[in-house]
Amino acid sequence: MIREIRIMGDPVLRTPCDPITEITPGVRGLVQDLLDTVDAPGRAGLAANQIGVSLRAFSWNIDGDIGYILNPVIVEMSEDEFQDDDEGCLSVPDLWYPCERAWYAKAVGTDLDGNEVTVGGEDIWGQLVQHEVDHLDGHLYIDRLPRMLRKKALREFRRTQEGK
């Protein structure tokens, strides 16, 4: 089922997500909802808390590669190569700002059957891993912006949300 995206200001986005300790029918439904919801044009990644569920899981949709990971942990990041491409977020709609991230990042977690899942790589894949794990830790990409740029982004967000 395609779920509604929670928007900045919703407390679930600022609360660190709980680990998934048991694969229940609810967790299986969550994964299906993550896959259904991320499978739309312009969507690259989706964390569980963005659809209101405070569990450590995210899905991705990069160039037709759609998948998910449970309990992801970043295990590797480049320390001397960075990117600062414009970044956006479904929970901060219509705003794109340059956000510094490691050029390469890799996360390890599991699937619904307990098998190990690895996701990551360079460029967009590295950005995806860092962005989605930030969500699961209760952070939004705008938190990583320099102070003045973050203030500008927050003003623009408030302006775009007026009247909605």
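Numbering starts at 1 and runs along the sequence shown.
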Colleague: Nearest 0.5 Å, please: how far is CG in Leu90 from CZ in Arg6?
Modeller: 14.0 Å
Colleague: Examine distances only and state if a side-chain atom of Gln50 and a backbone atom of Ala47 form a donor-acceptor pair shorter than 3.5 Å.
Modeller: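 A pair under 3.5 Å: yes.
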Colleague: Are the side chains of Val53 and Arg3 in contact, using a 4.5 Å heavy-atom criterion?
Modeller: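 Sidechains of Val53 and Arg3: in contact.
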Colleague: Is a side-chain N or O of Ser91 found less than 3.5 angstrom from the main chain of Ile7, in a donor-acceptor match?
Modeller: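 No, Ser91 side chain to Ile7 backbone: no donor-acceptor pair under 3.5 Å.
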Colleague: Using a side-chain heavy atom cutoff under 4.5 Å and only I, L, V, M, F, W and Y, what cluster partners does Phe82 have?
Modeller: none
Colleague: Is there a donor-acceptor contact under 3.5 Å from the side chain of Asp111 to the main chain of Asn115?
Modeller: yes
Colleague: Between atom CD1 of Ile23 and atom CG of Leu70, what is the distance when rounded to the nearest 0.5 Å?
Modeller: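 It comes to 5.0 Å.
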Colleague: Applying side-chain hydrogen bond (donor to acceptor under 3.5 Å, both in side chains) as the test, list every pair that has at least one member in residues 34-47; sequence neighbours left out.
Modeller: Gln32-Asp36
Colleague: Rounded to the nearest 0.5 Å, how far apart are NZ of Lys151 and CG of Leu145?
Modeller: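 Spacing of NZ (Lys151) from CG (Leu145) equals 13.5 Å.
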Colleague: Is the number of heavy atoms from other residues, nucleotides or ligands under 6.0 Å of Asp86 CG greater than 12?
Modeller: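 Counting other residues, nucleotides and ligands, CG of Asp86 exceeds 12 neighbours.
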Colleague: Could I get the full list of side-chain contact (heavy atoms from CB on, under 4.5 Å) partners for Ser78, not counting sequence neighbours?
Modeller: Glu81, Ala102, Trp103, Tyr104
Colleague: Could you tell me whether a side-chain N or O of Tyr68 sits under 3.5 Å from a main-chain N or O of Leu112, the two making a donor and an acceptor?
Modeller: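 At least one qualifying donor-acceptor pair exists.
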Colleague: Should Val108 and Val73 be marked as a side chain to side chain contact (heavy atoms under 4.5 Å, CB included) after you check the CA-CA gap, both sets of side-chain angles, and the distance that decides it?
Modeller: CA-CA 5 Å; Val108 175; Val73 175; 5.8 Å; no
Colleague: Between Gly126 and Gln83, which heavy-atom pair has the shortest distance, and what is it?
Modeller: C-NE2, 4.4 Å
Colleague: Using a side-chain heavy atom cutoff under 4.5 Å and only I, L, V, M, F, W and Y, what cluster partners does Met148 have?
Modeller: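 The other cluster members (ILVMFWY side chains, heavy atoms under 4.5 Å, direct or chained): none.
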Colleague: Is there a continuous path of hydrophobic side-chain contacts, each under 4.5 Å between heavy atoms, that joins Leu149 to Leu140?
Modeller: yes
Colleague: For the residue pair Leu95 and Tyr141, establish whether any side-chain heavy-atom pair is separated by less than 4.5 Å.
Modeller: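 They are in side-chain contact.
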Colleague: Run the salt-bridge test on Arg56 and Asp137 with the 4.0 Å N-O cut-off and return the result as yes or no.
Modeller: yes
Colleague: Do the charged groups of Arg101 and Glu87 touch, with an N to O distance under 4.0 Å?
Modeller: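 Result for this pair is yes, salt bridge flagged.
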Colleague: Of all heavy-atom pairs between Gln161 and Pro93, which one has the smallest distance, and what is that distance?
Modeller: NE2-CG, 3.8 Å
Colleague: SG of Cys99 to CD of Gln127: how many Å apart, nearest 0.5 Å?
Modeller: 7.5 Å
Colleague: Please write out which residues are connected to Leu128 in a hydrophobic cluster, directly or through intermediates, given that two of Ile, Leu, Val, Met, Phe, Trp, Tyr count as joined at side-chain heavy-atom separations below 4.5 angstrom.
Modeller: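 ILVMFWY cluster around Leu128 also holds Phe58, Trp60, Ile62, Ile69, Ile74, Met77, Val117, Val119, Ile124, Trp125, Val129, Val133, Leu136.
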Colleague: Are His135 and His139 an aromatic pair, judged by ring center distance below 6.0 Å?
Modeller: no
Colleague: Salt bridge between Asp33 and Arg28, side-chain N to carboxylate O under 4.0 Å?
Modeller: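 A salt bridge is absent here (no side-chain N lies under 4.0 Å from a carboxylate O).
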Colleague: To the nearest 0.5 Å, what is the distance between CG (Leu35) and CD1 (Ile2)?
Modeller: 11.5 Å
Colleague: Main chain of Ile20, side chain of Asn71: is a donor-acceptor contact present, judged purely on distance under 3.5 Å?
Modeller: yes
Colleague: Main chain of Val38, side chain of Asn61: is a donor-acceptor contact present, judged purely on distance under 3.5 Å?
Modeller: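 Judged by distance alone, yes, a pair lies under 3.5 Å.
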Colleague: When you measure from the side chain of Glu156 to the backbone N and O of Lys152, does any donor-acceptor pair fall under 3.5 Å?
Modeller: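 No; zero donor-acceptor contacts below 3.5 Å.
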Colleague: Would you call Asp143-Arg14 a salt bridge at under 4.0 Å N-O?
Modeller: yes
Colleague: Going by side-chain heavy atoms closer than 4.5 Å, which hydrophobic residues are tied to Leu13, directly or by a chain of links?
Modeller: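 Members alongside Leu13: Val12.
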Colleague: Enter the distance from Asn49:CG to Cys17:SG here, rounded to the nearest 0.5 Å.
Modeller: 4.0 Å
Colleague: Closest approach of Leu30 and Ala57, non-hydrogen atoms and distance?
Modeller: CD2-CB, 4.5 Å
